[in-house]
Participant: 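Input: one structure, supplied below.
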Amino acid sequence: MSLTPAAPPRGAEHTARLLIWCADGPGIVASISSFLFEQGANIVANDQYSTHPEHGTFFMRAAFYLPELEDTGERARFEAAFGTLARRFAMEWRISYAHERRRVALMASREDHCLLDLLWRQRRRELDMDVECVVSNHDDLRAEVESLRVPYHHVPVTASQKGEAEARALELLSGRVELVVLARYMQILSADFLDRLGCPIINIHHSFLPAFAGAEPYRRAYDRGVKLIGATAHYVTAELDAGPIIEQDVQRVGHGYTLEDLVRVGRDLERVVLARAVRSHLDDRVLVHEGRTIVF
């Protein structure tokens, strides 16, 4: 059975989400709460974490209800006022508004399980995102994607033309989307691509790493008689498969599982773990600190 808890609930209806990080110290929570109270906001969810009570870093996520922020002029006034408070504590912060859906691109290769799962969840409004397009180095999944009225771009990748392929992908994505999700995209992205893209990337892979890196991991796991199958979703960095981890899950398996059973279990886990990670990102639940994540 799964050993990790389900994804957090969306919680009460809210207008905006405020993310804060700064050096820890007395009075931060009280000041933020007082500010929101004075603005007429009702805090419907509040999470906080400190790395150390005396010399740590403080993190906070506050979801609040304030209908006046549906007006863009009120947003500007609110953000300017909060900026004054933030400077008192040398806070880093960002705010997002609950009804503004993120523009997202999906990248995939030949395997369809993660890609189609995300498209299905988006269609059912389980994920607050608009899928702008799918980019793939193969043309295999075009019919299924386009049947959902999502643009599909085939960008072939060869060893001799990898740079040209990345340049074409950047034309399609850079400045057009706020998140890219690698839904089993089986190409390594260069550091130059990551720098120029200008938005976060989430990847999914099996959790055998680093034990069974490379081709046919499930075959080698089967040959070794593994007792756990897992999946990991993380942000992409220049270091391969070593970015900050957002979500993981595992399932126990036994000697009676065939190779096909292991692959099936792995695909199921990859679908669920990737969807949880994307949802956490879209709901502003993830902060990255020193190569690790705080996930509220």
Side-chain angles (χ1 to χ4, degrees), residues 4-102 126-129 178-179 199-200 202 233-235 237 243-248 275-296:
T4 60
R10 289 189 176 174
E13 174 73 14
H14 59 280
T15 309
R17 298 181 291 266
L18 192 58
L19 285 179
I20 298 150
W21 59 104
C22 61
D24 200 0
I28 298 173
V29 175
S31 296
I32 294 169
S33 299
S34 296
F35 172 85
L36 292 174
F37 170 75
E38 291 164 2
Q39 298 293 317
N42 181 26
I43 300 173
V44 298
N46 194 67
D47 299 283
Q48 64 193 66
Y49 169 72
S50 177
T51 60
H52 191 277
E54 292 184 346
H55 47 76
T57 302
F58 175 80
F59 303 89
M60 181 173 172
R61 176 189 185 269
F64 59 92
Y65 185 72
L66 184 59
E68 289 82 355
L69 294 186
E70 298 295 339
D71 177 78
T72 54
E74 280 298 305
R75 291 183 184 181
R77 183 200 60 77
F78 178 93
E79 292 176 19
F82 187 80
T84 300
L85 170 64
R87 285 190 288 274
R88 282 177 48 200
F89 294 93
M91 292 177 186
E92 298 289 336
W93 63 281
R94 69 174 186 262
I95 189 169
S96 64
Y97 298 95
H99 299 297
E100 292 185 350
R101 293 161 66 84
R102 306 286 175 82
E126 291 185 14
L127 297 171
D128 289 331
M129 65 183 189
E178 300 161 274
L179 174 69
C199 72
I202 295 176
H234 63 92
Y235 288 118
T237 62
I245 293 169
I246 307 168
E247 180 64 75
Q248 292 180 298
R276 288 179 186 168
V278 171
R279 181 175 172 185
S280 290
H281 178 90
L282 296 173
D283 288 350
D284 298 297
R285 295 184 178 276
V286 187
L287 286 161
V288 177
H289 176 64
E290 297 181 349
R292 301 172 65 241
T293 56
I294 293 90
V295 183
F296 289 125

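It should be emphasised that the depicted structure is a prediction, and the values quoted were computed from it without experimental measurement. Heads up: numbering here begins at 1 and tracks the sequence.
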Participant: Mind checking what makes side-chain hydrogen bond (donor to acceptor under 3.5 Å, both in side chains) contact with Tyr49, not counting sequence neighbours?
Facilitator: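 With sequence neighbours excluded, Tyr49 shows a side-chain hydrogen bond (donor to acceptor under 3.5 Å, both in side chains) to no residue whatsoever.
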Participant: List for me each residue that meets side-chain hydrogen bond (donor to acceptor under 3.5 Å, both in side chains) alongside Glu54, sequence neighbours excluded, and say none if there are none.
Facilitator: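 Expected list: none.
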Participant: Between Leu69 and Phe64, is the side chain to side chain contact (heavy atoms under 4.5 Å, CB included) condition met? List the steps.
Facilitator: CA-CA 11 Å; Leu69 294 186; Phe64 59 92; 3.7 Å; yes
Participant: Is it the case that over 12 heavy atoms from other parts of the model lie below 6.0 angstrom from the CZ atom of Arg101?
Facilitator: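 Enclosed: over 12 neighbouring heavy atoms sit under 6.0 Å from CZ of Arg101.
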Participant: Report the C-alpha distance between Arg61 and Ile294 in whole Å, list the side-chain angles of each, state the deciding distance to 0.1 Å, and finish with yes or no for side chain to side chain contact (heavy atoms under 4.5 Å, CB included).
Facilitator: CA-CA 10 Å; Arg61 176 189 185 269; Ile294 293 90; over 6 Å; no
Participant: Roughly how far, to the nearest 0.5 Å, is the CD atom of Glu178 from the CG atom of Leu282?
Facilitator: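 Leu282 CG to Glu178 CD: 9.5 Å, rounded to 0.5 Å.
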Participant: For Glu13 and His99, work out which heavy atoms get closest and say how close.
Facilitator: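 Looking at all heavy atoms of both residues, the shortest contact is OE2-NE2, 3.2 Å.
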Participant: What closest approach, in Å, do Thr293 and Val288 show between heavy atoms, and which atom pair accounts for it?
Facilitator: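 Taking every non-hydrogen atom into account, CG2-CG2, 4.1 Å.
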Participant: Atom CD in Glu74, atom OG1 in Thr15: separation rounded to 0.5 Å?
Facilitator: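 Rounded to the nearest 0.5 Å, the CD-OG1 separation comes out at 12.0 Å.
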Participant: Return the OH to CD distance between Tyr65 and Glu68, rounded to the nearest 0.5 Å.
Facilitator: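 Reported to 0.5 Å precision, the distance equals 9.0 Å.
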Participant: How long is the straight-line distance from CZ of Arg285 back to CZ of Arg279, given to the nearest 0.5 Å?
Facilitator: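 Result: 7.5 Å between the selected atoms.
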Participant: What side chain to side chain donor-acceptor pair (under 3.5 Å) pairs are there with at least one residue in residues 16-29, not counting sequence neighbours?
Facilitator: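 Every pair satisfying side chain to side chain donor-acceptor pair (under 3.5 Å) with a residue in residues 16-29: His14-Arg17, Arg17-Asp284, Asp24-Ser50.
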Participant: Could you report the tightest heavy-atom contact between Phe89 and Pro26, atom names first, then the distance?
Facilitator: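 Closest approach of Phe89 to Pro26, heavy atoms only: CE2-O, 4.0 Å.
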Participant: So, does Asp71 use its side chain to make a donor-acceptor pair with the main chain of Gly73 at under 3.5 Å?
Facilitator: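 Checking the backbone N and O of Gly73 against the side chain of Asp71, a donor-acceptor pair under 3.5 Å is found.
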Participant: Applying ring pair (Phe, Tyr, Trp, His ring centres under 6.0 Å), name anything that partners Trp93, two or more places apart in sequence or on another chain.
Facilitator: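 Expected list: Phe82.
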Participant: So which heavy atom on Ile202 is nearest to which on Ala277, and how close?
Facilitator: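 It is CD1-O, 4.1 Å.
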Participant: Give me the atom names and distance for the closest heavy-atom approach of Ile246 to Val286.
Facilitator: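 Of all heavy-atom pairs spanning Ile246 and Val286, the closest is CG2-CG2, 4.0 Å.
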Participant: Ignoring hydrogens and angles, write down the donor-acceptor pairs under 3.5 Å from the side chains of residues 35-43, residues two or more places apart or on other chains.
Facilitator:
residue: Gln39; atom: OE1; partner: Arg77; partner atom: NH1; Å: 3.1
residue: Gln39; atom: OE1; partner: Arg77; partner atom: NH2; Å: 3.0

Participant: Under the side chain to side chain contact (heavy atoms under 4.5 Å, CB included) criterion, do Val278 and Met129 qualify, and how do the steps go?
Facilitator: CA-CA 10 Å; Val278 171; Met129 65 183 189; 4.2 Å; yes
Participant: Among all residues two or more places apart in sequence or in another chain, which pass the side-chain contact (heavy atoms from CB on, under 4.5 Å) test with Glu100?
Facilitator: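 side-chain contact (heavy atoms from CB on, under 4.5 Å) check on Glu100 returns Arg75, Tyr97.
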Participant: Which heavy-atom pair separates Ile20 from Leu287 by the least distance, and what is that distance?
Facilitator: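 Looking at all heavy atoms of both residues, the shortest contact is O-CD1, 4.2 Å.
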Participant: Rounded to the nearest 0.5 Å, how far apart are CG of Leu85 and CE of Met91?
Facilitator: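 That separation rounds to 5.0 Å.
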Participant: With rounding to the nearest 0.5 angstrom, report the NE2 to OG1 distance, His289 to Thr51.
Facilitator: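 Here the interatomic distance stands at 5.0 Å.
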